Amino acid sequence: MEGDAVDQPSSLQVTSFMILMYFFETYLDLRQHAVLKLPTLPKTLEGVISQEKFEKSRAYSLDKSHFHFVHEFVTIFMDSAILFFGILPWFWKKSGNFLPLVGLNTENEILHTLAFLAGVMIWSQITDLPFSLYSTFVIEARHGFNKQTIWLFFRDLIKGMCLAIVLGPPIVSAIIVIVQKGGPYLAIYLWAFMFVLSLVMMTLYPVLIAPLFNKFTPLPEGELRLKIEQLASSLNFPLKKLFVVDGSTRSSHSNAYMYGFYKNKRIVLYDTLIQQCKNDEEIVAVIAHELGHWKLNHTMYSFIAVQILTFLQFGGYTLVRNSTDLFRSFGFDVQPVLIGLIIFQHTVIPIQHLVSFALNLVSRSFEFQADAFAKKLGYGAALRSGLVKLQEENLSAMNTDPWYSAYHYSHPPLVERLAAIDEPDKKED
């Protein structure tokens, strides 16, 4: 076949690159860990962040850093072993052997794929559970963030698995059928399906799925609600509903976000955000920042970028999906649709890292623009104090390594955001 004439990456090459990237990212993690050990605040934050909050933030960040080193080592060890020792093709065969035991047809690729995915889901839950439990009930609890009980933790876990069982099979089945019947327009059909699916999920998630995990209640009438509605109206933002979500039932971390299509927009405030920001102006400033993303079309640009990248990925997949050599290099003597997608994702890991880095650069630029938008509306001082308050209450890292933040952060560090907010004032003075 045409794809076989081109040298294809092998599982050994992919594994080698994964390990190489692990060493590179571990180097960045070590740089960040060293910065987290610094006993003093950045000069910009001296007198802004209390020493007590800094010490708590430092302890929290170091705990998370130690945990991260262990988690990443175990992850790369397991992922490398799965590829190097041919666990994927072995498990694919075993999942096929399971089907006759329950009276199902082994030759049916959809059933075989669903059996394979069921096993993968069980395996991933088992291997990830100890880390999730430790992160939630040791690290987060130690630093006063965890609010959920063990029952609530497992209830959420079970709900998530049930959703995967309900939603996964029809989506996977549709993808397999599209690939089998797609012909020369396969990439277009796959992209169109995923585009429609993303729109459906964006519509259904806040209405049907999110309420399964959290309680959403209308923001009570009062000064805060009035200020947010006035801000939205002044920007012609089509605000339909304004909710408070009970994030405090699980964590004391805070946040705010908006969602919705066209003229049906909604804003959601975490109850912890309202509790932590006693000043309404700080909350309104945070909302002004979020509305800045909408007004400056950041959400639309991000959505378009995702669609382009998705189409390019499917286009690349169509070029290699019939390559017998590629499948054989990963230990497969058959060419299932799902396995083809998994192998393709592994082969484009280098490109994914570059794209992720580029998207982070764009995202940080968007954050600066949204801050400037809120500043232009007159919320500069309130936004500044609000960002400081959120940094303190979430015990976010005060010191950051520039290489680490440039590679990993989708949001600029607090020091950079405050400097950008203060800069226009200095120029005006």
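Nothing here was measured: the structure is a model prediction, and the numbers come from that model.
- Checking each of L12, T347, I342 against F330 for a side chain to side chain contact (heavy atoms under 4.5 Å, CB included) leaves exactly one that passes, namely T347.
- With sequence neighbours excluded, the residues forming a ring pair (Phe, Tyr, Trp, His ring centres under 6.0 Å) with H33 are H66, F69, listed by chain and number.
- Residues H289 and E367 meet the side-chain proximity criterion, which asks for heavy atoms closer than 4.5 Å.
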task: Kindly indicate, with the supporting measurements, whether the criterion side chain to side chain contact (heavy atoms under 4.5 Å, CB included) is fulfilled by L269 and I283.
output: CA-CA 9 Å; L269 306 176; I283 300 176; 4.2 Å; yes

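- Within the 4.5 Å cutoff, the side chain of P218 has no heavy atoms near those of the L242 side chain.
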Atom pairs and distances, side-chain donor-acceptor, residues 116-128, under 3.5 Å, sequence neighbours left out:
from	atom 1	to	atom 2	distance (Å)
S124	OG	V120	O	3.2
S124	OG	M121	O	2.9
T127	OG1	W123	O	3.0
T127	OG1	S124	O	3.2
D128	OD2	S132	OG	3.0

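- Between the side chain of D333 and the backbone N or O of R328, no donor-acceptor pair lies under 3.5 Å.
- Of the N and O atoms on the side chains of S95 and H112, at least one donor lies less than 3.5 Å from an acceptor on the other residue.
- For K94, the side-chain contact (heavy atoms from CB on, under 4.5 Å) partners are W90, N97, not counting sequence neighbours.
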message: Does L163 form a side chain to side chain contact (heavy atoms under 4.5 Å, CB included) with F213? I'd like the steps, not just the answer.
response: CA-CA 12 Å; L163 282 172; F213 298 90; 3.7 Å; yes

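- By the 4.5 Å heavy-atom criterion applied to side chains, K295 and F373 are counted as neighbours.
- In terms of modelled atom types and a separation under 3.5 Å, the side chain of S363 and the main chain of N360 share no donor-acceptor contact.
- Qualifying ring pair (Phe, Tyr, Trp, His ring centres under 6.0 Å) partners for Y407, counting only residues two or more places apart in sequence or in other chains: F24.
- Qualifying side chain to side chain donor-acceptor pair (under 3.5 Å) partners for H408, counting only residues two or more places apart in sequence or in other chains: none.
- Using a 3.5 Å distance cut-off with no hydrogens or angles, the side chains of T324 and Q335 do pair a donor with an acceptor.
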Counting only pairs under 3.5 Å, give me each side-chain donor-acceptor contact of residues 199-206, with atom names and distances, residues two or more places apart or in other chains.
from	atom 1	to	atom 2	distance (Å)
T203	OG1	L199	O	2.8

Only distances under 3.5 Å count here; give the side-chain donor-acceptor pairs of residues 186-198 to other protein atoms, sequence neighbours excluded, each with its distance to 0.1 Å.
from	atom 1	to	atom 2	distance (Å)
W191	NE1	Q307	O	3.4
W191	NE1	Q307	OE1	3.1
S198	OG	M194	O	3.3
S198	OG	F195	O	2.6

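- A donor atom on one side chain and an acceptor atom on the other are found under 3.5 Å apart for D271 and S248.
- Here the CG-CD distance, from L239 to E229, works out to 6.5 Å after rounding to the nearest 0.5 Å.
- A heavy-atom distance below 4.5 Å is found between the side chains of Q313 and Q352.
- A distance of 5.5 Å separates OG of S65 from CG of L36, quoted to the nearest 0.5 Å.
- Two residues are said to be in side-chain contact when any heavy atoms from C-beta on lie closer than 4.5 Å; S11 and F84 fail this criterion.
- Screening residues 59-79 for salt bridge (charged side-chain N to carboxylate O under 4.0 Å, His left out), with sequence neighbours left out, gives D63-R142.
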Return a table of donor-acceptor pairs under 3.5 angstrom between the side chains of residues 148-158 and protein atoms on other chains or two or more places apart.
from	atom 1	to	atom 2	distance (Å)
T149	OG1	L152	N	3.1
D156	OD1	R250	NH2	3.0
D156	OD2	R250	NE	2.7
D156	OD2	R250	NH2	3.2

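- A distance of 6.5 Å separates CG in L45 from CG in L418, rounded to the nearest 0.5 Å.
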- prompt: Do V244 and F216 pass the side chain to side chain contact (heavy atoms under 4.5 Å, CB included) test, and can you show the C-alpha distance, the side-chain angles, and the key distance before you say yes or no?
  reply: CA-CA 6 Å; V244 178; F216 294 79; over 6 Å; no

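- Using a 30° and 60° split on the angle between ring planes, F145 and H253 fall in the parallel class, below 30°.
- Residues forming a side-chain contact (heavy atoms from CB on, under 4.5 Å) with Q369 (at least two apart in sequence, or on another chain): L296, H298, S365, F366.
- No side-chain donor-acceptor contact under 3.5 Å links Y404 and E25.
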message: I'd like to know whether L414 forms a side chain to side chain contact (heavy atoms under 4.5 Å, CB included) with T400, so could you lay out the CA-CA distance, the side-chain angles of the two residues, the decisive distance to 0.1 Å, and finally the verdict.
response: CA-CA 9 Å; L414 178 64; T400 55; over 6 Å; no

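- The shortest side-chain heavy-atom distance between P336 and F327 falls under the 4.5 Å cut-off.
- Proximity of the aromatic rings of F332 and W92 is defined here by a centroid distance below 6.0 angstrom, and this criterion is not met.
- Under the rule for a side chain to side chain donor-acceptor pair (under 3.5 Å), the partners of Q180 that lie at least two apart in sequence or sit in another chain are E109.
- Put simply, the side chain of V337 does not reach to within 4.5 Å of the side chain of V172, judged on heavy atoms.
- Under the side chain to side chain donor-acceptor pair (under 3.5 Å) criterion, R417 pairs with D371, sequence neighbours left out.
- Side-chain contact between Y259 and K265 is absent, with no heavy-atom pair separated by less than 4.5 Å.
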